[in-house]
**Student:** 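Sending over a structure as structure tokens; questions will come in a sec.
Every value quoted in this text rests on a predicted model; they were computed, and no experiment measured them. Quick note: numbers below take in every heavy atom, side chains included, and nothing from hydrogens, waters or symmetry partners.
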Amino acid sequence: MTRIALDRRTVLTGLGAAAAMTGLSPAALGQTKANLVVIGGGFGGATAAKFLKLFLPSSSVTLIEPNETYYACPFSNLVIGGGRAMSAQAFTLDGLKAYGVDIIRARAETVDGAARTVTLSDDSTLPWDRLVMSPGI
């Protein structure tokens, strides 16, 4: 018998994914071709980008995040108390590339909802069909 360890994060991730999937048929998931853009590469944005690509493999998923590394808040009290190195709090987005998520290293400056575009800090413009904004805390 295989045991699966359940922690709060695993349960909440599963519940969130199930809630997001309730309005979508399985056939629609694999066939949807959309240009999806996620602004922000912290926990929320990175997770959204990963699962959008997993659930909509025919869609283009682009994550906009200017920073190469982000520092996570969970367990940061251990850093303050000297029980964990700050380097253990550092994460990159490189793992998302394996899922097929495109990463743009720029800052989102302007979102035009009517035109469905995002203007980036390098003055380029990125079109989107659906947009997720996850600016963090």
Side-chain angles (χ1 to χ4, degrees):
M1 178 177 185
T2 303
R3 286 189 79 142
I4 299 173
L6 290 179
D7 58 12
R8 183 176 62 180
R9 179 175 292 159
T10 303
V11 172
L12 290 175
T13 300
L15 289 173
M21 300 291 294
T22 58
L24 301 173
S25 72
L29 290 178
Q31 298 173 5
T32 299
K33 292 183 181 178
N35 186 20
L36 310 172
V37 173
V38 178
I39 298 173
F43 280 127
T47 301
K50 173 185 172 182
F51 283 98
L52 284 169
K53 190 61 179 175
L54 284 174
F55 294 148
L56 303 167
S58 298
S59 292
S60 158
V61 178
T62 303
L63 177 69
I64 301 170
E65 172 57 47
N67 300 314
E68 292 285 333
T69 305
Y70 72 93
Y71 292 87
C73 289
F75 301 112
S76 60
N77 285 342
L78 292 175
V79 174
I80 294 168
R84 184 176 170 100
M86 185 65 177
S87 61
Q89 297 297 108
F91 296 91
T92 68
L93 299 171
D94 294 338
L96 291 178
K97 293 176 186 174
Y99 293 97
V101 175
D102 297 317
I103 299 171
I104 295 178
R105 297 290 180 191
R107 184 174 306 281
E109 297 288 338
T110 306
V111 174
D112 185 338
R116 292 186 176 218
T117 60
V118 177
T119 302
L120 304 176
S121 53
D122 62 4
D123 289 328
S124 64
T125 301
L126 187 65
W128 49 268
D129 295 315
R130 295 286 187 258
L131 177 68
V132 175
M133 296 176 70
S134 183
I137 54 172

**Student:** Taking all non-hydrogen atoms of both residues, which atom of Ala72 and which atom of Ser76 are closest, and how far apart?
**Tutor:** O-CB, 4.3 Å
**Student:** Hey, is the main chain of Thr69 close enough, under 3.5 Å, to the side chain of Asn67 for a donor-acceptor pair?
**Tutor:** no
**Student:** I'd like to know whether Val132 forms a side chain to side chain contact (heavy atoms under 4.5 Å, CB included) with Leu36, so could you lay out the CA-CA distance, the side-chain angles of the two residues, the decisive distance to 0.1 Å, and finally the verdict.
**Tutor:** CA-CA 8 Å; Val132 175; Leu36 310 172; over 6 Å; no
**Student:** Taking all atoms of both residues into account, what is the closest heavy-atom pair of Ser134 and Gly44, and its distance?
**Tutor:** OG-C, 3.5 Å
**Student:** Is a donor on one side and an acceptor on the other found under 3.5 Å between the side chain of Arg130 and the backbone of Val37?
**Tutor:** no
**Student:** Where the side chain of Gln89 meets the backbone of Pro74, is there a donor-acceptor pair that is under 3.5 Å apart?
**Tutor:** yes
**Student:** Looking at every non-hydrogen atom in both residues, tell me the closest pair between Trp128 and Thr117 and how far apart they are.
**Tutor:** NE1-N, 3.2 Å
**Student:** Same cluster for Phe75 and Tyr71 if Ile/Leu/Val/Met/Phe/Trp/Tyr side chains link at under 4.5 Å?
**Tutor:** no
**Student:** So, the side chain of Lys53 versus the backbone of Thr62: is there a donor-acceptor pair under 3.5 Å, distance only?
**Tutor:** no
**Student:** Return the CD to CG distance between Glu68 and Asp94, rounded to the nearest 0.5 Å.
**Tutor:** 7.5 Å
**Student:** Atom CE in Met86, atom CD1 in Ile80: separation rounded to 0.5 Å?
**Tutor:** 9.0 Å
**Student:** Does the Ser124 side chain pair with the main chain of Leu120, one donor and one acceptor, at a distance under 3.5 Å?
**Tutor:** no
**Student:** Report yes or no: do Met133 and Val118 belong to one cluster of Ile/Leu/Val/Met/Phe/Trp/Tyr joined by side chain heavy-atom distances under 4.5 Å?
**Tutor:** yes
**Student:** Between Asp102 (side chain only) and Ser60 (backbone N and O only), is there a donor and an acceptor less than 3.5 Å apart?
**Tutor:** no
**Student:** For the hydrophobic clusters of this structure (ILVMFWY residues joined by side-chain heavy atoms under 4.5 Å, transitively), does one cluster hold both Ile64 and Val61?
**Tutor:** no
**Student:** Does Arg107 have more than 12 heavy atoms from other residues, nucleotides or ligands lying within 6.0 Å of its CZ?
**Tutor:** no
**Student:** Do the side chains of Val111 and Ile39 get nearer than 4.5 Å, heavy atoms only?
**Tutor:** yes
**Student:** Counting distance only, does the side-chain N/O of Arg116 pair as donor-acceptor with the main-chain N or O of Asp129 below 3.5 Å?
**Tutor:** yes
**Student:** How close do Ala46 and Gly41 get, counting heavy atoms only, and between which atoms?
**Tutor:** CB-O, 4.1 Å
**Student:** Are Leu93 and Phe91 co-members of a hydrophobic cluster defined by side-chain heavy atoms under 4.5 Å apart?
**Tutor:** yes
**Student:** Consider only side-chain heavy atoms of I, L, V, M, F, W and Y, link residues closer than 4.5 Å, and tell whether Leu126 and Leu52 are in one cluster.
**Tutor:** no
